Protein chains: 2
Amino acid sequence: MPEIPSKIGRPPKSDRNPDEVKTEILAAAVEEFSQHGLSGTTTEAIAHRARVTKAMIHYYFKTKEGVYRAALENLFSGLVTPVQQEEFTHISPEQALASFIQQVLQSASSQPCIHALLALEAIQNQGKYYKELEVGQLVYGTLSCILERGVEAGVFRPLNPQHMAVNILGTCVFYFVSQGNLQHFFQERAMASPDMMEQHTTEAIAFIMAGVLR
Amino acid sequence: MPEIPSKIGRPPKSDRNPDEVKTEILAAAVEEFSQHGLSGTTTEAIAHRARVTKAMIHYYFKTKEGVYRAALENLFSGLVTPVQQEEFTHISPEQALASFIQQVLQSASSQPCIHALLALEAIQNQGKYYKELEVGQLVYGTLSCILERGVEAGVFRPLNPQHMAVNILGTCVFYFVSQGNLQHFFQERAMASPDMMEQHTTEAIAFIMAGVLR
DNA sequence: GTCTATATAAAGATAGAC
DNA sequence: GTCTATCTTTATATAGAC
């Protein structure tokens, strides 16, 4: 009796090429890691979301830690480039600050999981993998430079640039990180809805500018 | 031959009474949960930190989820009481706001894990257990009331009280939540050291007040 | 109450067929 | 490259001795 070549009842064989598969695994990994962190995420969950088997994860990335590293790099590559950093030095501190904040908020809106992932990385891994990327130095370095310039020029009030950089980022980002808790407090609309995002942007910029300008 | 009554080589039998044991388990649970979250924490880790066996955890709290609920309640009971909430309405909005911020920062300094735990709860559980406590409503309700009063009195600039409440909390709290990542950026001293904490307090209050006052 | 021992389930990772 | 099957470790939770 001849063998039946196609096994019925199986999930449809992937029509994706290897590159697409790898990309999709990374995307799935970002989603999972940004909710459960490195230790809390299971390869099974990533595999299921990417519609592959666990074995594929290990085939492409060797270990779970390998997927995590790759996901972090993939997420933050091209977030803030040294080129953009240069541009900020050619405009006034007020304009640079406003522009910087808007960029942060915009990237947070389009990639909602990015700051959750960063928070988990800080809390669970003490920034071990974050340190390996140079994005942190770049973001905080750029922001505190803008602040320092503004203070020296006399347009910003006297302040500690490093602490203020952290506090400004906190203002921008906390809204996203704490959404899970705050959604019970904001009864009206979904916090991720476009108009709420716009409100947050408006309020954050007004707050930060008022808090920094002389 | 008579049995040997004491088994040598065993860890010294606990000299604690049951109440102390339960308290110590809760303290250990807060430490572990605030670093790894509900799903990421193992009962083994809690047991080891509390110097008991896993079986004790289940004896006192039935399930891991039970320990988590108990730890949350224990941590937030008496953080902000309705009594304190009342007091804020009897002083000027500026004084109330400054006093509120100082209380938040002080509790964060003395309980460094509290906001990490809240962040993990938001990210990993979407605030499921946070919602069961009434602390959230209390904290954000109190703060946005203070802001609303200040705007109506004309001492604060026009602003959205709810969004501003979130942004103010973010300014206070982000420093603690992101310590793991930021420690690589703050080369000088440990971010949890007393003088760095004082600097953060000073900068946060100056920032918030400047950002809110007319 | 506190422990040891264990049942049961789930995880990361690998081997080997196709 | 992609899958199934399996090894090994680790987790939650329970049973039962003391």
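In what follows, chains are A, B, ... by sequence order, proteins preceding strands, each numbered from 1. The structure displayed is predicted, hence computed values, not measured ones.
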J.: Is Glu65(A) paired with Arg69(A) through a side-chain N to carboxylate O contact shorter than 4.0 Å?
T.: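 Salt bridge flag = yes for Glu65(A) with Arg69(A).
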J.: Hey, does the side chain of Thr53(A) come within less than 4.0 Å of dT2(D)'s phosphate (OP1/OP2), counting only N and O?
T.: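 Checking dT2(D) against Thr53(A), no side-chain N or O comes under 4.0 Å of OP1 or OP2.
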J.: Quick one: does Glu121(B)'s side chain have a donor or acceptor within less than 3.5 Å of a partner on Tyr129(B)'s backbone?
T.: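 Here the side-chain-to-backbone pair exists.
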J.: Which of the following nucleotides, dT2(D), dA13(D), dC3(C), is nearest to the side chain of Met56(B)?
T.: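 The answer is dC3(C).
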J.: Of all the nucleotides listed (dG12(C), dG1(C), dT4(C)), which has the minimum atom distance to the side chain of Thr42(A)?
T.: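 My answer, after comparing the listed nucleotides, is dG12(C).
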J.: What is the distance from CZ of Phe61(B) to P of dT12(D), rounded to the nearest Å?
T.: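 Those two atoms, CZ and P, are 15 Å apart.
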J.: Out of dT2(D), dC3(C), dT2(C), which has the shortest distance to the side chain of Tyr60(A)?
T.: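 Closest nucleotide to the Tyr60(A) side chain: dT2(D).
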J.: What's the NZ-C1' distance between Lys62(A) and dT14(C), to the nearest Å?
T.: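 To the nearest whole Å, that distance equals 9 Å.
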J.: From CD1 of Ile25(A) over to P of dT2(D), roughly how many Å is that when rounded to an integer?
T.: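 Ile25(A) atom CD1 is separated from dT2(D) atom P by 8 Å.
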J.: Any donor-acceptor pair under 3.5 Å linking the side chain of Gln124(A) with the backbone of Gly40(B)?
T.: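 No, the answer is negative, given that no donor and acceptor are paired below the 3.5 Å cut-off.
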J.: Side-chain N or O of His58(B) less than 4.0 angstrom from OP1 or OP2 on dT14(D)?
T.: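 Indeed not, no polar side-chain atom of His58(B) lies that close.
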J.: CD1 of Ile46(A) versus P of dA10(C): gap in Å, rounded?
T.: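 Taking CD1 of Ile46(A) and P of dA10(C), I get 18 Å after rounding.
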J.: Below 4.0 angstrom from OP1 or OP2 of dA13(D), is there any side-chain N or O of Tyr59(B)?
T.: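 Checking dA13(D) against Tyr59(B), no side-chain N or O comes under 4.0 Å of OP1 or OP2.
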J.: At under 4.0 Å, does any side-chain N or O of Thr43(A) touch on OP1 or OP2 of dG12(C)?
T.: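 Checking Thr43(A) against dG12(C): at least one side-chain N or O falls below 4.0 Å of OP1 or OP2.
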J.: Could you tell me how far apart Glu20(A) (CD) and dG1(D) (C1') are, to the nearest whole angstrom?
T.: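 Glu20(A) atom CD is separated from dG1(D) atom C1' by 14 Å.
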J.: With ring-ring contact (aromatic ring centres under 6.0 Å, His included) as the criterion, how do His163(B) and Phe207(A) come out once you've worked through the C-alpha distance, each side chain's angles and the decisive distance to 0.1 Å?
T.: CA-CA 10 Å; His163(B) 279 272; Phe207(A) 174 37; over 10 Å; no
J.: In whole angstroms, how far is the P atom of dT2(D) from the CD1 atom of Ile57(A)?
T.: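 Atom CD1 in Ile57(A) sits about 11 Å away from atom P in dT2(D).
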J.: Of the listed nucleotides (dT12(D), dA15(C), dC3(C)), which one gets closest to any side-chain atom of Ala55(B)?
T.: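 It is dC3(C).
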J.: Measure from NZ on Lys54(A) to C1' on dA10(C) and round the result to the nearest Å.
T.: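 The answer, rounded to whole Å, is 8 Å.
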J.: Between dG1(C), dA13(C), dT2(D), spot the one nearest the side chain of Pro18(B), thanks.
T.: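 Side chain of Pro18(B) sits closest to dG1(C).
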J.: Please report, rounded to the nearest Å, how far the P atom of dA11(C) is from the CD atom of Glu44(B).
T.: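 Computing the Glu44(B):CD to dA11(C):P distance gives 19 Å.
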J.: So, the side chain of Lys131(A) versus the backbone of Asn181(B): is there a donor-acceptor pair under 3.5 Å, distance only?
T.: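 Not confirmed, Lys131(A) side chain does not pair with Asn181(B) backbone.
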J.: Using a 4.0 Å heavy-atom cut-off, does Ser39(B) contact any base of the nucleic acid, only the sugar-phosphate backbone, or nothing at all?
T.: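 Ser39(B): no heavy atom of the nucleic acid under 4.0 Å.
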